[in-house]
Amino acid sequence: MTAALWQRAATAAWRAGLLCTLWLAALPADAQLRVVSYNTAMGENPGVQTARPGLEVVLEAIGAEVRNGFARPIDVLLLQEQFSMEVSTQSIVNVLNSIYGPGVYARSTLNGQTSDSLGRGGRPGMVYNTQTVQLVSEMFFGDVGTSDGTGPTPAQQPRSTLRYELKPVGYDDSAVFYAYSAHWKADTGVGNNNRRLVEAQATRANADALGEGVHIIYAGDFNIQTSSGTAYQHMLSAGPGQAFDPLNRPGSWNNNTSFMDLHTQSPAATGNSQFPGQTLGGMDDRFDFQLVTGEMLDGMGLSMIPGSYRAFGNNGTHEFKGNITSGTGASPAVLTALMQASDHLPVVADYQLPARMGVDVAAIPPLVELGSLVTIGVTVTNTAPTALAIGADRLDYTLSVAGSLMGGAMATDFAGGGGNLHQITLDTSTVGLQTGMLNVVTTRQQAANPTYFLPIEFQVISAFLEADFNRDGVVDAADLAAWQGNFGLTGATRAQGDANLDGVVDGNDFVIWQRQLGMLPAGVTLAGAVPEPASGLAAFTALVAVLSLGRPRRRPRHAAAA
């Protein structure tokens, strides 16, 4: 079998297994966000501007990978080295929609500036899942130029940085987060380090202007070789947009076996070129990142799920400076596709969604009897759309009441848990119209529907009429139906039609109903509480039926005379 045929067969086998994995693992878990940063190497070489073979295998495999108990398709794909949004990025949209269905994925629209006259400067871009994420706004920034930073001219960026404002579908603006996609200056030396610092400074100035408490992801190919680099340190410096490295493993990452599992460039070793312009050299650099603000690491609201950050396909088992295919970080077909699709590995991380509060209140009776015990069920649920608790923030809330209500609670509900049932009690100690307010509030970060207020009104009466079997405040045809449906029943309750509480539903109860037809309890006025025209006919028919039950037949007089 030729290498090409073997690769085709391996890919087919992998796809067959992938479909099963998707069905079993990915579909039930419909929350959380899977965010990917990926330099797809489409913008540097004029001959490589669209998705190349192998990319569809990589993107599908990212969506099928199970981490922390769930797998899910990519939600946000932050890209680098795009020729343009219309060409390169759209080709990736087409790949994803061929996997998941037409219209599922869309792309950003802004083409940032580049210093390359042919537009090959490797612009950043973004693709997003329209079913889970909404693109609110996009912008680019950065003083783009060719200065290397060594002369009197200030250093400039080789290309713009893109900023995307996003929010999860089904959430309001409190759940907005920002994702930056950047492709910083490559290579070593003072001039290149200065240009990377300028890019970091521009990014932090833009992010700091957003203010405190903002959820931010800084993603991209930063071309940083060590944590002591000035650009990296500036990103981590204090300020509103202070970045944190989720892995927190400082050191010299380049050409260092201690960080093999962090490396993202290059999946192909020297002599193993898969496409024109591919950077070779094997796995020996950590160039690709997802840095985040502290709000993304505090476990509240939108936050990175611990243990989910990884260089996709790299578990540190490959040969140092060798092909990624020498490791066991994914199936052989996926590792081969990673080597073919780009000269970088994707960086993947999963993020929990904010909590979403739902409140369901049982029906409030309009009339209640003096001194009776009447409780109302209130169910509070974390409705974040996930089958797993890890997929969303927990919902801490306070339930309180005011006015003629009693009860309260402080509790927590985890997503997918089914909710908590609480009971509030109506104050029935005083006759008359009673009012109150039910309040349920959560202060959990970015929670959707964080406040719930329900005004409640009910009337306390001295007593219900005996024939008001359904306790709705009026004796009408509905009560007659209850009596008819239970006629002859022994051991009955008033709700079943026993108006006089003698233990049997009979004609005596009907007589009480007939006398009270259309009546209301003392002091009560209900709109529309007029007996239905058909009630009299129904009463008459029922009465005839009752009077005829068990009555002995008399012989006709003319028959006796015969």
Item to complete: Consider only side-chain N and O atoms of Gln82 and Thr89, and report whether a donor and an acceptor are under 3.5 Å apart.
Response: yes

Practice prompt. Establish, from distance only, whether the side-chain atoms of Ser84 and Arg123 form a donor-acceptor pair under 3.5 Å.
Written response: no

Worksheet, complete the sentence: Between His344 and the options Thr40, Asp288, Thr264, the side-chain hydrogen bond (donor to acceptor under 3.5 Å, both in side chains) test singles out Asp288

Worksheet, complete the sentence: side-chain contact (heavy atoms from CB on, under 4.5 Å) with Ser160: of Met139, Gln113, Glu199, only one passes, and it is Gln113

Item to complete: State, with a plain yes or no, whether a side-chain heavy atom of Leu162 is found less than 4.5 Å away from one of Phe141.
Response: no

Worksheet entry | Close side-chain approach of Gln49 to Val87, heavy-atom, < 4.5 Å | yes

Worksheet item: Is it the case that Glu138 and Thr109 place a side-chain donor and acceptor less than 3.5 Å from each other?
Response: yes

Item to complete: Could you tell me whether the side chain of Ile390 reaches within less than 4.5 Å of the side chain of Phe70, counting heavy atoms only?
Response: yes

Discussion item. Please determine whether side-chain contact (heavy atoms from CB on, under 4.5 Å) holds for the pair Met283 and Ser266, giving the CA-CA distance in whole Å, both sets of side-chain angles, and the decisive distance to 0.1 Å.
Written reply: CA-CA 5 Å; Met283 300 292 297; Ser266 164; 5.7 Å; no

Worksheet item: Are Glu319 and Asn323 linked by a side-chain donor-acceptor pair shorter than 3.5 Å?
Response: no

Discussion item. What I want to check is whether the side chains of Asp221 and Gln80 have a donor and an acceptor closer together than 3.5 Å.
Written reply: no

Discussion item. side-chain contact (heavy atoms from CB on, under 4.5 Å) for Val36 and Val347? Distances and angles first, verdict last.
Written reply: CA-CA 6 Å; Val36 180; Val347 173; over 6 Å; no

Worksheet item: Salt bridge or not for Arg196 and Asp187, using N-O below 4.0 Å?
Response: no

Discussion item. Please check if the number of heavy atoms outside Glu86 that lie under 6.0 Å from its CD is greater than 12.
Written reply: yes

Worksheet item: Can Lys167 and Asp173 be counted as an ion pair, charged N to O under 4.0 angstrom?
Response: yes

Worksheet item: Just checking, is any N or O donor in the side chain of Ser228 or Thr226 under 3.5 Å from an acceptor N or O on the other one?
Response: yes

Worksheet item: Does Phe289 have its ring centroid less than 6.0 Å away from the ring centroid of Trp253?
Response: yes

Practice prompt. Examine Arg356 relative to Tyr171 and say whether NZ or CZ is less than 6.0 Å from the centre of the six-membered ring and inside a 45° cone about the ring axis.
Written response: yes

Worksheet item: Do the charged groups of Glu65 and Arg310 touch, with an N to O distance under 4.0 Å?
Response: yes

Practice prompt. Using the salt bridge (charged side-chain N to carboxylate O under 4.0 Å, His left out) rule, take Asp396 and Arg444 through it: C-alpha gap first, then chi angles, then the decisive distance, then the call.
Written response: CA-CA 6 Å; Asp396 298 333; Arg444 203 66 184 168; 3.3 Å; yes

Worksheet item: With a 4.5 Å limit on heavy-atom distance, are the side chains of Met357 and Val380 in contact?
Response: yes

Worksheet item: If you draw the axis of the six-membered ring of Phe275, does the NZ or CZ of Arg52 fall within 45° of it and under 6.0 Å from the ring centre?
Response: yes

Worksheet item: Do Leu399 and Leu438 have side-chain heavy atoms sitting under 4.5 Å apart?
Response: yes

Worksheet item: Parallel under 30°, tilted from 30 to 60°, perpendicular over 60°: which one fits the rings of His263 and Phe320?
Response: tilted

Discussion item. Is there a side-chain contact (heavy atoms from CB on, under 4.5 Å) between Thr293 and Val214? Walk through the geometry before answering.
Written reply: CA-CA 8 Å; Thr293 52; Val214 180; 5.9 Å; no

Worksheet item: Do Asn39 and Glu81 meet the criterion of a side-chain donor-acceptor pair at a distance under 3.5 Å?
Response: yes

Worksheet item: Do Arg159 and Phe140 have side-chain heavy atoms sitting under 4.5 Å apart?
Response: no

Worksheet item: Distance only, no hydrogens: is a donor on one side chain within 3.5 Å (strictly under) of an acceptor on the other, for Ser303 and Asp298?
Response: yes

Discussion item. Could you tell me if the side chain of Ser181 sits less than 4.5 Å from the side chain of Thr161, heavy atoms only?
Written reply: no

Discussion item. Closer than 3.5 angstrom, by distance alone: can the side chain of Asn314 be matched with the main-chain N or O of Met260 as a donor-acceptor pair?
Written reply: yes

Worksheet item: Hey, does the side chain of Arg67 reach the backbone of Tyr309 with a donor-acceptor pair shorter than 3.5 angstrom?
Response: no

Worksheet item: Between Asp245 and Arg286, is there a salt bridge with N-O shorter than 4.0 Å?
Response: yes

Worksheet item: Looking only at atom types and distance, does a side-chain atom of Asp413 sit under 3.5 Å from a main-chain N or O of Asn382, one as donor and one as acceptor?
Response: yes

Discussion item. When you compare the side chains of Gln90 and Arg107, does any donor N or O come within less than 3.5 Å of an acceptor on the partner?
Written reply: yes

Fill in: Donor-acceptor pair, side chain of Thr130 and main chain of Val104, under 3.5 angstrom
yes

Worksheet item: Judged by modelled atom types alone, do Asn315 and Thr328 share a side-chain donor-acceptor pair under 3.5 Å?
Response: yes

Worksheet item: Between Asp284, Thr270, Thr257, which is the residue that forms a side-chain hydrogen bond (donor to acceptor under 3.5 Å, both in side chains) with Lys321?
Response: Asp284

Worksheet item: Do Asn129 and Tyr100 have side-chain atoms, one donor and one acceptor, less than 3.5 Å apart?
Response: no

Worksheet item: Taking atom types as modelled and ignoring hydrogens, do the side chains of Thr132 and Asp75 form a donor-acceptor contact shorter than 3.5 angstrom?
Response: yes

Worksheet item: Within the distance-only criterion (no hydrogens, no angle test), does the side chain of Asn192 pair as donor or acceptor with the backbone N or O of Thr188 below 3.5 angstrom?
Response: yes

Worksheet item: Is the closest side-chain heavy-atom distance between Pro158 and Arg195 below 4.5 Å?
Response: yes

